[in-house]
Amino acid sequence: MNLFADIRSLVLHALDAMVAAGDLPAGLSTDNVTAEPPRDASHGDMATNAAMVLAKPAGMKPRDIAEKLAVRLSDDPRVTSAEVAGPGFLNLRLAPAVWQNVAQTVLDSGTDYGRATLGAGKSVNVEYVSANPTGPLHVGHTRGAVFGDALASLLAFAGWDVTREYVINDGGGQIGMLARSVYLRYLEAHGKEVAFPEGTYPGDYLVPVGAALKEKVGDQYIDQPEDIWLGPIGDFATDAMMELIRDDLALLGVKMDRFFSEKSLYNTGKIEACLDKLDKMGLIYNGTLEPPKGKLPDDYEAREQTLFKSTEFGDDQDRAIKKHDGAWTYFAPDIAYHNDKVERGYDALINVFGADHGGYVKRMKAAVHALSGGTVPLDIKLTQLVKLFKNGEEFKMSKRAGNFVLLSDLIREVGKDVTRFVMLTRKNDAPLDFDFDKVTEQSRENPVFYVQYAHARVASVLRKAADAGIAVDDATLKSADLSKLDHAAELALLRKVAEWPRLVETAARSNEPHRIAFYLYELAGDLHGFWNLGNAETGLRFIQEDDPATSQAKIALARAVAIVIAAGLGILGVTPADEMR
RNA sequence: GGACCAUUAGCUCAGCUGGAUAGAGCGCUGCCCUCCGAAGGCAGAGGCCAGAGGUUCGAAUCCUCUAUGGUCCGCCA
């Protein structure tokens, strides 16, 4: 399925044969032997570094190994030439049939082409978004949501059994503030004058929640002390906020497999049990932390509290799990939450956090390492800030000014597909500029458009061909005579398509979905370039008048490109377009 | 004081986990539509891969130090 893996194993077999023939010492490690397309296509279709890697341990000259290897590889029908080059590279040229078969493979597999077995038999939990349930999602949450979702899809495509999870922070103090805010809206719904004190949430979105509460409970909470209503209203408000958030996520095309309530860890003994477990490992103690460096808070005083020995696992200092008054810090339930994930039996955990949680990474990894005995890797991906630009100027958002751009506003303005794709055109850990004007522009500068346009062009060809009476269903295309695809430009395009499975693997291995977006942009560029060749050289147009057989072979190539684009966009959560408007 | 991330063309960024002459887009220069959508394409100019050491057949990539920028640093979740 993966051509590069096939060629690599061909090389490895040849090396084994050399060992058997006494041309190479036995027992050499071939871990670093690669088979990859050379950067410069003029070097050939595939290059292996085997000779250079093995030269030293074998005590032989690289060129000697390479030449013997070349002879053996030449025996394979797929290899048309094997030349030693440079310091000891072995450049291979492959038979056109190898590339032509790629088109057939793609048509056979459809958008499943490129699915990998990297994660086969393994499960991974991807936790993302996890915004506090105190209001609708805004732009700040969007990048993490898109990134996490695309990463989850990528891993699923690479064979992992993926769980998408959202942890609801419904156990902390901010739920109390939410409840008070809703209470004020509730009073307002009863016609009372209210003022929002510092710390409460004055946003309009709580108005309907207050009204709904009135609907549900009538006037029973009016003039009642806080301890009567705080709990129930907190629950009521959290549910309402989660409904809001789910709606926002739906707009983005994000669907979670599981919502985990942090509150469910409280008063159930789960936190205590988990910390007991750590205590038995000798990782919990009472102590006093060093005062923070840099700016010292005005009211700082050294206090003794319960600490977790995260320094044992590389953290800079130990971390508090209990406040001075004995209440849990946020870290405590979070440890228990991750313990729960470990106990659910995942083979790997991934958390997607905003960059402002960078300081949290080490302690969380420390906790998971301790809880799983080092058996469950936790990867934490941080997403950097998104800067919005409108009319050429940066649009600053601030909590105080309350001028957040809501996720729903963003979608309304530019759409789900644009939002998702653009958010994935940067590495997760690099800041991202989101320019409202650019992202809706129809030009090469706008990668979303450019990729969509390539897909639409193929769809257009299919329509035109059908109009001309040429059968272009995939079943027919599959049986086309692909040996007609013998032009260098056609083979080059097939090579690019053939890279897809390999790209999926590397992207999945590094948890970097942005690589998909970049590859699609390149593939689209190659298609556009190829398309234009047809201007000067009519023999390269997809539709050849009066020659349905050739047309079908060429259209099969176009379809293969479109299928890969569709598969890639599928991972990114973007709908491929059949025509541009 | 410390941690994490970044530093690649005038600008915005990739760089396939160590490979051959470092790549795109924008901008600049010059070209290509009786032609499946020119909403495109081709070509040219433009680089001390922040700096200095190290690791090895080989470094933009790995390690150390330095510089600059960003994020963060008590029991807030």
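Proteins come first, then strands; the chains are lettered A, B, ... in the order of their sequence lines, and each starts at number 1.
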Practice item. Choose from B:C75, B:A14, B:A20 the nucleotide whose nearest atom is closest to any side-chain atom of A:His43. Key: B:A20
Point to revise | Residue pairs fulfilling salt bridge (charged side-chain N to carboxylate O under 4.0 Å, His left out) with at least one residue in residues 542-561 of chain A, sequence neighbours excluded | key: A:Asp474-A:Arg559, A:Glu490-A:Lys554
Study note, to complete from the structure: Side-chain contact check for A:Thr329: nearest option of B:G19, B:C75, B:C72 is B:C75
Review point. Please give, in whole Å, the distance from B:C76 P to A:Tyr201 OH?
Key: 14 Å
Practice item. Have a look at A:Gly358 and say if it touches a base, only the backbone sugar-phosphate, or nothing, with a 4.0 Å heavy-atom cut-off. Key: nothing
Review point. When the nearest nucleotide of RNA chain B is assigned to A:Arg303 and to A:Asp429 on a heavy-atom basis, which residue is associated with the more 5' position?
Key: A:Asp429
Point to revise | Under 3.5 Å on both distances, the Watson-Crick or G-U partner of B:C72 | key: B:G2
Practice item. May I ask you to say what A:Ala47 touches in the nucleic acid, namely base, sugar-phosphate or nothing, with a heavy-atom cut-off under 4.0 Å? Key: base
Check your understanding: NA contact type, A:Ala55, heavy-atom cut-off 4.0 Å: base, sugar-phosphate, or nothing?
Key -> nothing
Point to revise | Quiz item: A:Asn49 side-chain donor-acceptor pair to B:A20 base, under 3.5 Å | key: no
Study note, to complete from the structure: RNA chain B nearest-nucleotide lookup for A:Asn532 and A:Glu512: closer to the 5′ end is A:Glu512
Point to revise | Residues from residues 533-552 of chain A lying under 4.0 Å of RNA chain B - heavy atoms | key: A:Asn535, A:Arg541, A:Phe542, A:Ile543
Check your understanding: If the C1' atom of B:A52 is compared with that of B:C57, how far apart are they to the nearest Å?
Key -> 24 Å
Exercise for review: Whole angstrom is fine here: how far is it from CH2 in A:Trp531 over to P in B:G41?
Suggested key: 12 Å
**Study point:** C1'-based separation of B:G25 from B:G41 [nearest Å]
**Key:** 14 Å
Check your understanding: With sequence neighbours excluded, what pairs up with A:Ser181 under the side chain to side chain donor-acceptor pair (under 3.5 Å) test?
Key -> none
**Study point:** Watson-Crick or G-U wobble mate for B:A43, both contacts under 3.5 Å
**Key:** B:U29
Exercise for review: Take atom C1' in B:U34 and the same atom in B:G30, then report the distance between them in whole Å.
Suggested key: 24 Å
Point to revise | OP1 or OP2 of B:A77 under 4.0 Å from side-chain N/O of A:Lys323 | key: yes
Exercise for review: Provide, to the nearest angstrom, the distance between the CG atom belonging to A:Asn428 and the P atom belonging to B:A14.
Suggested key: 10 Å
Check your understanding: Partner of B:A67 by Watson-Crick or G-U wobble geometry, both contacts under 3.5 Å, or none?
Key -> B:U7
**Study point:** Face-to-face stacking of A:His528 with B:G41, centres under 5.5 angstrom, angle under 30°
**Key:** no
Exercise for review: Name the nucleic acid region contacted by A:Ser510, choosing base, sugar-phosphate or nothing; use a 4.0 angstrom heavy-atom cut-off, strictly under.
Suggested key: base
Exercise for review: Decide ring-ring contact (aromatic ring centres under 6.0 Å, His included) for A:Phe436 and A:Phe434; before the verdict, give the C-alpha distance in whole Å, the side-chain angles of both, and the deciding distance to 0.1 Å.
Suggested key: CA-CA 6 Å; A:Phe436 278 92; A:Phe434 192 101; 5.6 Å; yes
Check your understanding: What's the closest nucleotide to the A:Lys56 side chain, out of B:G19, B:U56, B:A14?
Key -> B:U56
Check your understanding: What class does the angle between the rings of A:Tyr453 and A:Phe449 fall in, given that below 30° is parallel, 30 to 60° is tilted and above 60° is perpendicular?
Key -> parallel
Review point. Can you tell me how far C1' in B:C49 sits from the matching atom in B:A22, rounded to whole Å?
Key: 8 Å
Review point. Under 4.0 angstrom, heavy atoms only, what part of the nucleic acid is A:Val53 near: base, sugar-phosphate, or nothing?
Key: base
Point to revise | Touch class at under 4.0 angstrom, heavy-atom based, for A:Gln174 against every strand present | key: sugar-phosphate
Point to revise | Counter-base of B:A14, judged by Watson-Crick or G-U geometry with both distances under 3.5 Å | key: none
Review point. For atom P, what is the distance between B:C32 and B:G23, given to the nearest Å?
Key: 28 Å
Point to revise | Nucleotide B:C76, atom P - distance to NZ of A:Lys322 in whole Å | key: 16 Å
Point to revise | Integer angstrom distance from the C1' of B:A50 to that of B:A67 | key: 8 Å
Practice item. Rounded to the nearest angstrom, tell me the gap between atom CG in A:Asp433 and atom P in B:G25. Key: 19 Å
Exercise for review: Identify whether NZ of Lys or CZ of Arg in A:Arg502 sits under 6.0 Å from the centre of the six-membered ring of A:Phe4 and within 45° of that ring's axis.
Suggested key: yes
Revision key, fill the gap. Any strand, both distances under 3.5 Å, Watson-Crick or G-U wobble: B:U21 pairs with none
**Study point:** Sugar-phosphate, base or nothing in reach of A:His324, heavy atoms under 4.0 Å
**Key:** base
Practice item. Flag this pair as yes if the NZ/CZ of A:Lys322 is under 6.0 angstrom from the six-membered ring centre of A:Trp328 and inside a 45 degree cone about the axis; otherwise no. Key: yes
**Study point:** A:Arg426: side chain to side chain donor-acceptor pair (under 3.5 Å) partners, not counting sequence neighbours
**Key:** none
Check your understanding: Say you pick atom P in B:G18 and the same atom in B:C63; how far apart are they, in whole Å?
Key -> 10 Å
Practice item. Name the closest nucleotide to the A:Gln317 side chain, picking from B:C73, B:G19, B:G40. Key: B:C73
Practice item. Mark yes or no for a side-chain to base donor-acceptor pair under 3.5 Å between A:Arg502 and B:C16, with no hydrogen or angle criteria applied. Key: yes
Check your understanding: Quick one: side chain to side chain contact (heavy atoms under 4.5 Å, CB included) partners of A:Asp417, sequence neighbours excluded?
Key -> A:Gln452, A:Val574, A:Thr575
Study note, to complete from the structure: A:Gln452 atom CD is separated from B:G40 atom P, nearest whole Å, by 14 Å
Point to revise | Member of A:Ile168, A:Asp235, A:Ile175 meeting the side-chain contact (heavy atoms from CB on, under 4.5 Å) criterion with A:Lys263 | key: A:Asp235
Check your understanding: When you compare B:G10 with B:C72, how far apart are their P atoms, in angstrom units rounded to a whole number?
Key -> 31 Å
Point to revise | Candidates B:A20, B:U12, B:G19 - which lies nearest the side chain of A:Ala85 | key: B:A20
Exercise for review: Could you tell me whether A:Asn446 contacts a base, only the sugar-phosphate backbone, or nothing, with contacts defined as non-hydrogen atoms closer than 4.0 Å?
Suggested key: nothing
Exercise for review: Tell which nucleotide pairs with B:C62, taking only Watson-Crick or G-U wobble pairs whose two distances are both under 3.5 angstrom.
Suggested key: B:G54
**Study point:** Between B:A38 (P) and A:Tyr450 (OH): distance, integer Å
**Key:** 13 Å
Practice item. Select base, sugar-phosphate, or nothing to describe what A:Tyr519 touches, counting heavy atoms under 4.0 Å on all strands. Key: nothing
Practice item. Could you check A:Glu505 against A:Arg509 for salt bridge (charged side-chain N to carboxylate O under 4.0 Å, His left out), going step by step and ending with a plain yes or no? Key: CA-CA 6 Å; A:Glu505 284 193 10; A:Arg509 218 185 293 276; 3.4 Å; yes
Exercise for review: Nearest whole angstrom, please: distance from the P of B:G15 to the NZ of A:Lys427.
Suggested key: 5 Å
Review point. Within 45 degrees of the axis of the six-membered ring of A:Phe389 and under 6.0 Å from its centre: does A:Lys438 put its NZ or CZ there?
Key: no
Check your understanding: A:His357 near the nucleic acid: base, sugar-phosphate alone, or nothing, with a heavy-atom cut-off under 4.0 Å?
Key -> base
Exercise for review: Check whether any side-chain nitrogen or oxygen of A:Arg363 sits under 4.0 Å from OP1 or OP2 of B:G74, and answer yes or no.
Suggested key: no
Counting only pairs under 3.5 Å, give me each side-chain donor-acceptor contact of residues 50-64 of chain A, with atom names and distances, residues two or more places apart or in other chains.
unit_1  : atom_1 : unit_2  : atom_2 : d
A:Arg63 : NH1    : A:Gly86 : O      : 3.2

